[in-house]
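Just the heavy atoms: all of them, side chains too, but no hydrogens, waters or symmetry mates, feed the values below. Numbered from 1 within each chain, the chains take letters A, B, ... in sequence-line order.
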Protein chains: 2
Amino acid sequence: MENKIDDINRKILRRLQENSRESFASIGRLVGLTPPAVAERVKKMEDLGILEGYKARVNHLKMGYQLRAIVTIKAFMGKLKPFLEKVRSMQEVINCYRITGNENIIMEVVLLDQLHLEQFIDQLIQYGETRTHIILSDIISDAPIMGNKGI
Amino acid sequence: MENKIDDINRKILRRLQENSRESFASIGRLVGLTPPAVAERVKKMEDLGILEGYKARVNHLKMGYQLRAIVTIKAFMGKLKPFLEKVRSMQEVINCYRITGNENIIMEVVLLDQLHLEQFIDQLIQYGETRTHIILSDIISDAPIMGNKGI
DNA sequence: GGTGAAAATTGGGAATT
DNA sequence: AATTCCCAATTTTCACC
């Protein structure tokens, strides 16, 4: 019941991770399948939860966000739960994880400018001790997750 | 020459960030435009670099990766450049940023198991001092970047 | 795998600025 | 004149059986 991921599905997943708007027909040509056959495989991988969604990447600078930052929080006693509720309403937060270690939370945020960053951090001090790292550049962005072999 | 992002484009960007496979026809119905008009706006936003790409999200667990981690590196003198070259070939690394602060690099990695994590970290010790946080859960994943108003 | 429905694309033309 | 949109026709893709 384990591996529905054969070489063909790996190629399909690779293509969709690189360009999720590629048509099933185009993918089919590459893997030697008809469009309906590709569609069926994709549907099955969606149902199995292997494929979780399809997202457009938007440039933060072009949207007016001049800064990105990584912010960690070491939550005060009893303040983690309230933070987890609050953070869902914060539009600046693009990604947020619970993590192990000295800090409890790490998140990636987009900010209009330095003043916005300051205001954002001020919102957080009630929940815990924060640490901020400005993102200088991207080295790797959303690299595709491959199966055990990098086909 | 600045803002090509009116309310209609904001809605288009929102929809594509939520589901990048949504058809132009479907989006058009929502914003009151014909499919070619939507296609034209999307094409223009691609050309302007506002839309950077379309990616499928894949579940790491279903792909056999039992662990995710955040790893930071405080690079040794002269070891940052070699690391930046090396990291591009590391399939475990999904995201990697240059950052300000005590650490130079932060990255998100997927790992098959604990042994794999150990081997991965061992590869890094030659480049700098590492710190590892296991990801326990997702609070927010790839939230859409909105324009200045959250339309 | 094959067939009808839906969507994408292309070209041309009209309206707004 | 430039931009943006619509319309219509062709091609491609999708979805059901």
S.K.: Reckon B:Gly32 touches a base, only the sugar-phosphate, or nothing at all at heavy-atom distances under 4.0 Å?
M.R.: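 Sugar-phosphate only.
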S.K.: Would you say the side chain of A:Asn59 lies within less than 4.5 Å of the side chain of B:Ile50, judging by non-hydrogen atoms?
M.R.: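 Heavy-atom side-chain distance check fails, nothing below 4.5 Å.
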S.K.: Can A:Glu18 and B:Tyr54 be counted as having a side-chain donor-acceptor contact under 3.5 angstrom?
M.R.: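 Side chains of A:Glu18 and B:Tyr54: no pair found under 3.5 Å.
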S.K.: Please tell me whether B:Tyr65 and B:Glu92 have a donor and an acceptor in their side chains that are separated by less than 3.5 angstrom.
M.R.: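 No, because no side-chain N or O of B:Tyr65 sits under 3.5 Å from a partner of the opposite role on B:Glu92.
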S.K.: Nearest whole Å is fine: how far is D:dT3 P from B:Leu48 CG?
M.R.: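 B:Leu48 atom CG is separated from D:dT3 atom P by 11 Å.
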S.K.: D:dC6 phosphate, OP1 or OP2: any side-chain N/O from B:Thr34 under 4.0 angstrom?
M.R.: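 Yes.
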S.K.: Let me know the distance between CG of A:Leu33 and P of D:dC14, rounded to the nearest Å.
M.R.: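 From A:Leu33 CG to D:dC14 P: 14 Å.
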S.K.: Taking CD1 from B:Ile27 and P from D:dC5, how many angstroms apart are they, rounded to a whole number?
M.R.: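 After rounding, the reported distance stands at 14 Å.
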S.K.: Answer yes or no: does a side-chain N or O of B:Arg41 lie under 4.0 Å from OP1 or OP2 of D:dT3?
M.R.: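 Answer no for this pair, as no side-chain N or O of B:Arg41 is under 4.0 Å from OP1 or OP2.
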S.K.: Measure the distance from CD on A:Glu40 to P on D:dC17 and round it to the nearest whole Å.
M.R.: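 Checked: the CD to P distance equals 14 Å.
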S.K.: Are A:Glu22 and A:Arg15 ion-paired here, with the side-chain N under 4.0 Å from a carboxylate O?
M.R.: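 Looking at A:Arg15 together with A:Glu22, the answer is yes, because their closest N to O distance falls below 4.0 Å.
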S.K.: Could you check whether B:Lys44 gets within reach of a base, just the sugar-phosphate, or nothing at all, counting any heavy atom under 4.0 Å?
M.R.: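 Result for B:Lys44 = sugar-phosphate.
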S.K.: Atom pairs under 3.5 Å, N or O on each side, protein against nucleotides 7-11 of chain C: can you list them with distances?
M.R.:
residue: C:dA7; atom: OP1; partner: B:Arg29; partner atom: NH2; Å: 2.9
residue: C:dA7; atom: OP2; partner: B:Arg29; partner atom: NH2; Å: 3.2
residue: C:dA8; atom: OP1; partner: B:Phe24; partner atom: N; Å: 2.8
residue: C:dA8; atom: OP2; partner: B:Phe24; partner atom: N; Å: 3.3
residue: C:dA8; atom: OP2; partner: B:Ala25; partner atom: N; Å: 2.9

S.K.: Could you check how far NZ of B:Lys43 sits from C1' of D:dT4, rounded to whole Å?
M.R.: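 About 15 Å, once rounded to whole Å.
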S.K.: Answer yes if the side chains of B:Gln66 and B:Asp113 hold a donor-acceptor pair under 3.5 Å, and no otherwise.
M.R.: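 B:Asp113 and B:Gln66 do not have a side-chain donor-acceptor pair below 3.5 Å.
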S.K.: Tell me whether B:His116 contacts the main-chain N or O of B:Leu111 through its side chain, where contact means a donor paired with an acceptor under 3.5 Å.
M.R.: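 Looks like no, no N/O pair under 3.5 Å.
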